[in-house]
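Structure first, commentary second.
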Protein chains: 2
Amino acid sequence: MARAIAGGRPTVKDVAVAAGVSATTVSRVLAGNYPVSASTRKRVLRAVQDLDFVINAQARALVGGSTRTVAFIVRDLVGPLFAYIGQGVEQQATAEGRVCLVCTHHGDADRELELIELMREQQAEAVVLVGGGLRTPEHLERMAQIARSLERVGSRLVLCGRPPIGPDAPSTVVEYDNEGGAFAVTNYLISLGHRRIAFVGAAEPNHTTTSARFEGYTRAHRAHGLTVDDSLVVGGTFDRESGYRQTKALLARDTGTEPAMTAILGITDMVASGILAALREAGLRVPEDISVAGYDDIPLSADLSPALTTVHIPHEELGRAAVRLALHRDEYALDQHLLLGTHVVIRDSAAPPRENNAR
Amino acid sequence: MARAIAGGRPTVKDVAVAAGVSATTVSRVLAGNYPVSASTRKRVLRAVQDLDFVINAQARALVGGSTRTVAFIVRDLVGPLFAYIGQGVEQQATAEGRVCLVCTHHGDADRELELIELMREQQAEAVVLVGGGLRTPEHLERMAQIARSLERVGSRLVLCGRPPIGPDAPSTVVEYDNEGGAFAVTNYLISLGHRRIAFVGAAEPNHTTTSARFEGYTRAHRAHGLTVDDSLVVGGTFDRESGYRQTKALLARDTGTEPAMTAILGITDMVASGILAALREAGLRVPEDISVAGYDDIPLSADLSPALTTVHIPHEELGRAAVRLALHRDEYALDQHLLLGTHVVIRDSAAPPRENNAR
DNA sequence: TTGTAAGCGTTATCAT
DNA sequence: ATGATAACGCTTACAA
């Protein structure tokens with residue numbers, strides 16, 4: 001029964017004294033990596049109990065080399081997508097006996113870089129960047145430099161859900177087929193007969209997620225010999241509110257001179273959820289009057305009404321793979337790049353257009 | 001431009017040599033808490049740049065005292081409720097210049113205790129337990145002991161969304177009025193005219209959240225001179241699947257000998273979401289045929305159809321307050337206990353019963 | 001203003 | 001099988 005010792009944390013030395021052995025022996029008992037006589041071990045463990053001793057992880061890391069710490073940096077903790085990937089990261093890290101540091105940058109790319117530096121100070125074994133990010137030449141260069149810095153000290157930058165930085169940036173990349181998913185879902189809408197498909201996206205043209213999804217959307221049009229009507233492409237952010245507002249705006253501006261859109265693709269499921277709300281308010285039925293699709297397949301999607309047709313991402317596996325590859329990179333190829341598949345999940349929010357405009 | 005230095009992480013000593021000063025001076029420049037001549041500072045900073053030096057947080061913590069680390073332990077990263085509280089924890093910690101450690105226990109109370117120990121090894125300044133927990137005498141005693149252990153080394157156990165452990169357990173408690181919220185929402189259903197209200201809860205009678213919410217539910221009945229029909233109280237877990245299954249079971253067992261329930265209270269919004277799905281499948285309309293209410297007011301609730309009547313919890317504020325109190329406990333009273341309010345959010349899922357059974 | 005030296009708590013190395 | 005000692009990278013007296 002932990003007898004309390006007044007003042008301060010007990011150290012191996014205190015335990016050693018209490019057990020009548022040397023600090024070295026205590027260390028050996030605790031680590032269990034060296035032969036110690038049974039009787040001594042018992043005395044030491046007894047002293048550990050009595051003093052309520054726990055080892056100092058910082059001191060151990062200082063001499064032992066590794067902190068056994070994995071850092072993950074996400075936009076927000078609350079988005080279901082980030083949460084699920086984070087869940088995967090945390091699970092795998094725990095499974096590998098690591099502890100998890102977590103930070104959020106709320107979409108601020110500079111803050112993201114600061115956080116990586118902070119995690120370097122923390123000696124994280126791996127720094128996992130979750131979700132898409134900025135993609136400008138300057139930012140990429142700074143990122144590459146940071147990747148090299150991490151590499152130099154035996155750590156590793158991991159891109160999870162983001163394309164590689166460049167050839168000379170040592171990093172582990174675990175992506176999902178972002179563009180392919182957008183292509184597939186747009187293609188599905190087109191195959192249903194839709195020709196005027198609005199894209200409610202994010203106004204961050206240099207964001208990897210934004211550009212990949214938009215590219216998939218346009219490529220699907222091209223594949224069918226269609227051209228995208230720019231007036232149907234609007235910006236915003238990744239959240240529900242944005243989907244709601246942008247859809248309101250789209251509907252308001254619909255003067256009837258052009259045939260209205262018959263379908264809307266939201267850049268995320270949260271956006272799609274806002275789209276559905278706006279349409280419902282406008283008295284439009286989904287999918288009878290207009291079709292809607294999203295992207296991410298967050299758990300919410302199945303519970304919307306109508307249940308949302310969307311693109312599935314292997315969230316958790318993405319996070320798990322990121323940690324697994326980073327921690328065992330010697331066992332894998334040097335240039336680590338994993339691309340996981342996405343697929344369309346057909347639910348109830350998309351159907352053939354009321355009047356098929358296909359010419 | 002960070003000239004790469006081959007092999008290993010540079011240390012203050014390396015910087016000192018490069019700048020032609022002592023390690024002490026480097027330390028002083030970095031900490032900025034001691035006068036250093038402008039020219040020296042410049043040379044040092046230059047060397048830091050050149051060597052791409054970052055300080056070793058572990059070593060600094062070892063000598064400096066604090067790790068500037070806050071740990072938070074949650075059931076899962078994915079539940080919206082936990083995520084929002086975690087968001088609050090992370091935000092406040094960051095605002096206070098702290099770094100966040102996160103662990104999940106998936107509802108395993110023993111694992112939770114292990115994790116607290118792990119966080120004690122990590123020298124976390126505060127260990128925040130998010131969400132309800134087990135409440136058995138043994139568990140409480142172990143928890144109290146851990147609270148004392150943490151206290152002894154200058155750390156702090158923080159209970160966030162869970163009642164206090166006991167009088168001799170030094171801990172910071174930030175609760176919300178769990179019982180009061182359950183009372184209020186049940187009271188609301190009763191005031192609408194419902195007399196047979198099912199409770200779809202969790203089969204963990206010693207779980208703080210379960211018991212508080214169930215207690216509020218029964219107290220509301222008592223307050224109206226009603227008695228709870230035990231056959232309308234079912235167990236399960238906190239997730240959507242449970243709500244779905246339990247509701248299916250309730251409907252199946254409804255033989256018609258007793259008047260059926262006219263309303264269902266889910267122990268969480270996720271459960272309520274499952275309840276809605278089951279009712280929809282059974283062809284029952286909400287709230288025309290049957291009313292439903294939830295608890296937590298997660299973002300999803302507003303998007304369900306019908307939009308869910310539920311109990312709002314100040315999620316983020318809960319997390320923020322937890323960290324704020326823990327880190328400034330000298331400035332507050334010694335026995336820290338904060339109780340935040342909850343309130344019913346009236347949406348569309350509850351209405352007066354079709355045939356008012358009030359006698 | 002700057003430097004020297006001791007020490008934080010642990011483990012690895014080398015003895016015994 | 002056990003112990004003494006020297007690191008690990010940093011800060012903080014104490015000196016100069």
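Sequence lines set the chain letters: A, B, ... in the order given, protein chains first and strands last, and positions in each chain run from 1.
Going from atom CD of Gln122(B) over to atom P of dG9(C) covers 16 Å, rounded to whole Å. A straight line from CG of Leu62(B) to P of dT11(C) spans 12 Å, rounded to a whole angstrom. Rounded to an integer number of Å, the gap from Gln123(B) CD to dG9(C) P is 9 Å. Distance Asp14(A) CG to dT10(C) P: 9 Å, rounded to the nearest Å. Counting to the nearest Å, the P atom of dC8(C) and the NZ atom of Lys13(A) are 7 Å from each other.
For the ring-ring contact (aromatic ring centres under 6.0 Å, His included) test, residues two or more places apart in sequence or in another chain that qualify with His207(B) are Phe238(B). With sequence neighbours left out, the salt bridge (Lys or Arg N to Asp or Glu O under 4.0 Å) criterion links Glu121(B) to no other residue. Applying the side-chain contact (heavy atoms from CB on, under 4.5 Å) criterion to Pro170(A), with sequence neighbours excluded, gives Ala147(A), Arg148(A), Glu151(A), Arg156(A).
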Legend entry - side chain to side chain contact (heavy atoms under 4.5 Å, CB included) evaluation trace for Met119(A) with Val99(B): CA-CA 9 Å; Met119(A) 294 304 103; Val99(B) 135; 4.0 Å; yes
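For residues 316-326 of chain B, the pairs satisfying side-chain hydrogen bond (donor to acceptor under 3.5 Å, both in side chains) are Gln91(B)-Arg320(B), Glu316(B)-Arg320(B), Glu317(B)-Arg324(B), with sequence neighbours left out. Sequence neighbours left out, not one pair with a member in residues 57-74 of chain B passes salt bridge (charged side-chain N to carboxylate O under 4.0 Å, His left out). Every pair passing ring pair (Phe, Tyr, Trp, His ring centres under 6.0 Å) that includes a residue from residues 83-125 of chain B is listed here, sequence neighbours excluded: Tyr84(B)-His315(B). Within the structure, salt bridge (charged side-chain N to carboxylate O under 4.0 Å, His left out) contacts touching residues 88-107 of chain B (residues at least two apart or in different chains) are Arg98(B)-Glu125(B).
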Legend entry - Pairing pattern in dot-bracket form [Watson-Crick, G-U; both distances under 3.5 Å; | = partner strand] for DNA chain C: ||||||||||||||||
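Once you apply a 4.0 Å limit to the heavy atoms of chain A, the touched nucleotides of DNA chain D run 5' to 3' over dA1(D) to dG9(D).
Non-hydrogen atoms lying under 4.0 Å from DNA chain D are contributed by Tyr34(A), Pro35(A), Val36(A), Ser37(A), Thr40(A), all within residues 30-45 of chain A.
A distance-only check finds a donor-acceptor pair linking the side chain of Thr208(B) to the backbone of Gly133(B) [under 3.5 Å].
The nearest heavy atom of DNA chain C to Ala59(B) and to Gly20(B) marks one nucleotide each, and the one closer to the 5' end goes with Gly20(B).
Between Leu77(A) and Ala83(A), the shortest heavy-atom contact is O-CB, 3.8 Å.
Contact of the Ile116(B) side chain with the Leu129(B) side chain is registered, since non-hydrogen atoms from C-beta on lie closer than 4.5 Å. Considering only heavy atoms from C-beta on, Ile85(B) stays 4.5 Å or farther from Phe72(B) through its side chain.
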Please list, one pair per line, the donor and acceptor atoms closer than 3.5 Å that link side chains of residues 24-36 of chain A to other protein atoms, with sequence neighbours excluded.
unit_1, atom_1, unit_2, atom_2, d
Thr25(A), OG1, Ser22(A), OG, 3.2

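At a threshold of 4.0 angstrom between heavy atoms, the contacts of Val26(B) with the nucleic acid are absent.
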Got a list of protein N/O to nucleotides 4-6 of chain C N/O distances below 3.5 Å?
unit_1, atom_1, unit_2, atom_2, d
dT4(C), O4, Thr24(B), OG1, 2.6

